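This report refers to the structure that appears directly beneath it.
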Amino acid sequence: MVYIMKTKVEVPMDNNTDGNKYVIDAQNIYKKIGKKDVLKGVNLLVNYGEIHVLAGHNGAGKTTFFRILIGLLRYDSGTLRVLGLDPYKSRQEVSKRLGYVPEDSSPYERLTGYENLKVYALIYSDGNEEIAERYVERGIKISGLKDKDLSRKAGEYSNGMKKRLLIARALMHSPKLVLLDEPTNGLDVFSAYNIRKLIKSMASSGTTFLISTHNMSEAEMLASKVSFIAHGLVIYTGSVKSAIEEFASVNLEEAFIKAVGERE
Amino acid sequence: MKSKALIWKELLDLSRDKRTLAVMIIIPFIGLPAMALVTTGLSSTQTTTVYIEVLDNKSLYIAKFISSQVMELSKQYGLRVNVTISNGPPKSIYNILLVIPKGFYKNITYINGIGTLYLKSLVGSVQSSEVKSIIENVIGEVKESVVVNRVKILANKSGINATPYNVLNPISISSGYYLPSGSPAPVSQVKLSYTARLLEFSLFFVANPAIILMGDSVLGEKERKTIETLLATPASKTSIIIGKLSASVAIGLVTAIADSAGVILYLSMISPGSLKLTPGLIGVNLAVSALLVIMSAAIITPAILRSSSIRSAQSVSYLLMMVALGIYFSALFIDFQRLPYYVQGILMVIPFTQAALALQNFVLGQYVLMATNLVIMVGFILLGIFISIKSFNTERLILSK
Ligand SMILES: Nc1ncnc2c1ncn2[C@@H]1O[C@H](COP(=O)(O)OP(=O)(O)O)[C@@H](O)[C@H]1O
Ligand SMILES: [Mg+2]
């Protein structure tokens with residue numbers, strides 16, 4: 001009897017990028033909801049390690065685009081790669097390496113903060129208690145919530161605490177890419193400040209962020225790269241500095257207004 | 001196993017909703033027996049009034065006989081009756097009027113005569129119809145004694161040796177029950193069969209909680225804004241559905257047992273002595289209930305996944321519950337096996353029918369048919385889960401308003 005050992009050929013690969021050039025590579029994405037053309041050919045490239053801010057007015061299509069990026073909505077046409085895969089076809093595979101905090105979402109309010117982390121940790125670890133426990137520990141650190149708060153029901157939390165819990169839950173399994181849809185919307189100045197600080201510190205350890213906002217000063221504070229989205233189209237991508245220079249403006253807000261104005 | 005994490009979450013979540021759980025378990029368990037107490041209690045306090053107007057002096061003793069017999073029989077049936085005898089018309093409203101006209105005694109004692117009694121009852125009273133039938137029975141007794149006398153006279157005159165009772169009852173009936181297999185069935189079997197029918201009715205209460213819980217579990221995630229993050233995790237559609245089904249079924253089972261206990265308690269209060277429970281029937285009822293809980297949750301899921309809100313899911317759920325009610329209520333009165341084939345065919349494709357048939361077939365000793373019913377229920381469960389997974393559309397779930 002001869003056993004043939006099948007050996008895998010190890011291809012040297014950048015560990016951080018899984019061999020992909022971009023974390024997100026979206027070309028010409030169209031999406032209709034009902035009768036409305038919500039996305040009209042969106043192009044977006046997101047590099048590894050960026051804090052990429054998608055800045056745009058309300059109704060520009062940010063949330064719809066995010067939902068397409070995580071595979072919740074189907075896109076009508078275009079090509080899309082998120083972490084090297086088509087998210088609509090490989091939702092589960094992509095989601096293992098992705099964290100997402102929707103604009104309008106809530107933790108399980110009848111569960112404690114700890115239980116909220118534990119449920120998702122068990123999902124991400126595929127039921128492995130040991131790994132789940134590690135994720136929970138990481139989540140607790142990221143959330144900055146005290147033990148006393150973690151044993152309270154999440155329904156009793158302030159908005160800021162809920163958001164921290166959701167972000168911690170989306171980050172505890174060390175995803176490569178994190179999508180935050182309007183993360184500081186509706187938060188008071190302290191909570192918003194803390195969340196931005198958290199994002200920056202996570203990004204410095206190599207996590208890629210795509211963050212949407214309609215608040216241009218927030219975009220200015222966070223972005224290593226910014227994209228303007230207006231009426232279903234990405235109309236500009238570059239650094240904050242180059243955006244301000246390109247549109248001869250004093251700040252990002254003015255640059256955005258001018259960028260949209262040029263289009264119309 | 002991602003389903004394990006999801007089941008754990010669902011159970012935690014549902015168990016924290018103490019009020020809903022309490023309502024689901026306690027209302028049928030306490031509510032139905034309480035209803036029995038109230039209805040039996042109330043009906044035993046209401047009094048039926050009877051007025052006997054005697055226009056024939058010689059018939060007074062007949063009126064007194066009827067009065068005392070009616071009082072005694074009514075007492076046995078737990079009815080309150082008040083009888084008034086007088087020789088003039090009533091001065092107020094009575095539930096029942098009995099008039100013994102002039103010449104009545106003469107007519108019934110004459111061998112070829114007919115005495116007429118006038119029996120009238122007030123429209124729209126439930127209890128007076130029961131008392132009226134008691135009065136008719138007592139009159140029947142009077143009639144029999146008159147006939148016996150007439151037979152005696154005729155026998156004497158003709159010199160024939162005849163026993164009046166035999167003359168009046170030339171045919172005697174010896175009745176009994178038998179099983180579909182042909183073997184005779186004891187009376188206990190009849191009680192068992194009756195109990196099974198009532199259990200079939202109680203299946204309606206068994207099916208409900210899981211249906212409601214499943215709707216809340218799926219659309220609650222949407223309304224409480226937790227669904228989008230869940231769908232962005234590696235949890236598969238299958239594990240999400242299995243997680244929710246398992247939790248709804250687990251809690252549905254607990255409430256189902258409480259509910260059927262409540263129904264049995266209720267029925268044994270309103271018709272004591274006519275029920276019989278055996279370990280076999282209890283076992284089969286538990287198995288049928290468990291399958292029914294799972295089946296109800298499984299078949300409502302595709303509809304729930306197409307609903308946009310808890311409220312719209314509830315209206316579909318009510319529709320399904322009405323179907324269940326229709327089946328299980330008619331199970332009280334209808335032998336499904338005796339219906340025309342095309343009606344049976346229609347009923348068979350309604351999943352709920354199988355659960356009722358399983359119980360009917362068990363008490364009739366038709367175990368192969370019973371097993372078939374259970375297997376078909378498993379089939380409906382698998383079909384429900386299959387369609388649910390196929391029709392789980394994240395886009396519809398997220399965007400529908
Ligand atoms: N569920 C929906 N049904 C109908 N239209 C929708 C729905 N969701 C979004 N839209 C439309 O898509 C457009 C973009 O919405 P959205 O992606 O939420 O924008 P943003 O997040 O930038 O504010 C809006 O104009 C809205 O009318
Ligand atoms: Mg939005």
Side-chain angles (χ1 to χ4, degrees), chain A residues 31 33-34 38 63-64 66-75 87-88 90-112 115-116 118-129 132 153-155 162 165-167 169-170 173 175 178-179 181, chain B residues 1-22 213 216-244 246-247 251 305 308 310 389 391-401:
Chain A
K31 176 69 183 173
I33 297 178
V38 177
T63 299
T64 304
F66 273 31
R67 286 170 169 169
I68 287 173
L69 291 176
I70 58 164
L72 284 183
L73 303 185
R74 184 202 281 272
Y75 50 98
Y88 192 76
S90 320
R91 183 179 67 87
Q92 274 181 280
E93 207 44 51
V94 171
S95 64
K96 285 179 190 159
R97 292 176 290 151
L98 187 135
Y100 172 50
V101 180
E103 175 180 15
D104 190 14
S105 66
S106 170
Y108 291 115
E109 301 211 328
R110 294 197 285 245
L111 268 54
T112 65
E115 288 162 349
N116 265 285
K118 186 73 189 276
V119 170
Y120 272 49
L122 282 168
I123 295 174
Y124 281 117
S125 72
D126 207 358
N128 183 320
E129 290 275 347
K153 285 189 189 158
K162 280 184 191 168
L165 180 64
L166 289 174
I167 293 178
R169 203 173 67 175
H173 62 297
V178 176
L179 302 178
D181 195 359
Chain B
M1 271 292 281
K2 293 183 191 70
S3 311
K4 210 176 78 187
L6 289 163
I7 295 170
W8 176 63
K9 177 248 137 185
E10 296 294 339
L11 286 175
L12 263 182
D13 206 21
L14 283 170
S15 65
R16 301 260 161 90
D17 192 1
K18 300 249 158 47
R19 197 184 311 165
T20 308
L21 282 185
L213 285 170
D216 184 73
S217 175
V218 175
L219 294 159
E221 291 243 15
K222 183 181 153 96
E223 288 186 9
R224 294 191 280 270
K225 302 191 166 112
T226 56
I227 189 89
E228 208 172 334
T229 52
L230 180 64
L231 293 173
T233 68
S236 65
K237 293 171 181 179
T238 309
S239 61
I240 291 174
I241 288 177
I242 297 294
K244 292 191 175 301
S246 318
I251 297 192
L305 288 170
S308 53
I310 291 187
I389 292 168
S391 62
F392 192 141
N393 181 329
T394 53
E395 178 148 345
R396 186 167 46 208
L397 210 53
I398 296 278
L399 292 182
S400 65
K401 292 219 169 76

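It should be emphasised that the depicted structure is a prediction, and the values quoted were computed from it without experimental measurement. Chain identifiers are assigned alphabetically (A, B, ...) following the order of the sequence lines, protein sequences preceding nucleic acid strands; residue numbering begins at 1 within each chain.
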For A:Leu179, is it the side chain, the backbone, both, or neither that has a heavy atom closer than 4.5 Å to a heavy atom of chain B?
neither
Exceeds 12 heavy-atom contacts within 6.0 angstrom, atom NZ of B:Lys222
yes
With a 4.5 angstrom heavy-atom cut-off, which part of B:Leu230 approaches chain A: side chain, backbone, both or neither?
both
Best-contacting candidate, A:Ser106, A:Gly34, A:Pro87, against chain B by heavy atom pairs under 4.5 angstrom
A:Ser106
With a 4.5 Å cut-off on heavy-atom pairs, point out which of A:Ala121, A:Ala132, A:Ser105 contacts chain B the most.
A:Ser105
Looking only at side chains, do A:Arg169 and B:Thr229 share a donor and an acceptor under 3.5 Å apart?
yes
Which residues pass the salt bridge (Lys or Arg N to Asp or Glu O under 4.0 Å) test with B:Arg16, not counting sequence neighbours?
A:Glu115
Does any backbone or side-chain atom of A:Pro107 lie under 4.5 Å from a heavy atom of chain B? Answer side chain, backbone, both or neither.
backbone
For a quick test of reading the model, state the closest non-hydrogen atom pair linking A:Ser95 to B:Ala232 and the distance between them.
CB-O, 3.1 Å
For the pair A:Tyr100 (side chain) and B:Thr233 (backbone), establish whether a donor and an acceptor sit closer than 3.5 Å, ignoring hydrogens and angles.
no
Measure across A:Val119 and B:Ala5 and return the closest heavy-atom pair with its distance rounded to 0.1 Å.
O-CB, 4.1 Å
Which answer fits B:Asp17, side chain, backbone, both or neither, if we ask what part of it has an atom under 4.5 Å from a heavy atom of chain A?
both
If I take atom CG from residue B:Asp13 and atom CG from residue A:Leu111, how far apart are they, to the nearest 0.5 angstrom?
5.5 Å
Chain A heavy atoms under 4.5 Å from B:Leu12: which part of the residue, side chain, backbone, both or neither?
both
For A:Tyr124, enumerate each residue passing the ring pair (Phe, Tyr, Trp, His ring centres under 6.0 Å) test, keeping only those at least two apart in sequence or located in another chain.
A:His173
Report the C-alpha separation of B:Leu399 and A:Arg67 in whole Å, then their side-chain angles, then the decisive distance to 0.1 Å, and conclude whether the side chain to side chain contact (heavy atoms under 4.5 Å, CB included) test is met.
CA-CA 10 Å; B:Leu399 292 182; A:Arg67 286 170 169 169; 3.9 Å; yes
Any side-chain heavy-atom pair of B:Thr394 and A:Leu73 under 4.5 Å
no
Carefully, step by step, assess A:Leu122 and B:Lys4 under the rule side chain to side chain contact (heavy atoms under 4.5 Å, CB included).
CA-CA 9 Å; A:Leu122 282 168; B:Lys4 210 176 78 187; over 6 Å; no
Name the member of A:Leu98, A:Leu166, A:Ile123 that forms the most heavy-atom pairs with chain B at distances under 4.5 Å.
A:Ile123
With a 4.5 angstrom heavy-atom cut-off, could you sort out which part of A:Arg91 is near chain B: side chain, backbone, both or neither?
side chain
Can you list the residues that meet the salt bridge (Lys or Arg N to Asp or Glu O under 4.0 Å) rule with B:Glu395, with sequence neighbours excluded?
A:Lys31
First locate atom CZ of B:Arg224, then atom OH of A:Tyr108, and finally report the distance between them rounded to the nearest 0.5 Å.
9.5 Å
Which residues in residues 234-241 of chain B have any heavy atom lying under 4.5 Å from a heavy atom of chain A?
B:Pro234, B:Ala235, B:Ser236, B:Lys237
Residue part contacting chain B, namely of A:Lys118, when any heavy atom lies under 4.5 Å:
both
Top contributor to chain B contacts, counting heavy-atom pairs under 4.5 Å, from A:Gln92, A:Lys153, A:Arg74
A:Gln92
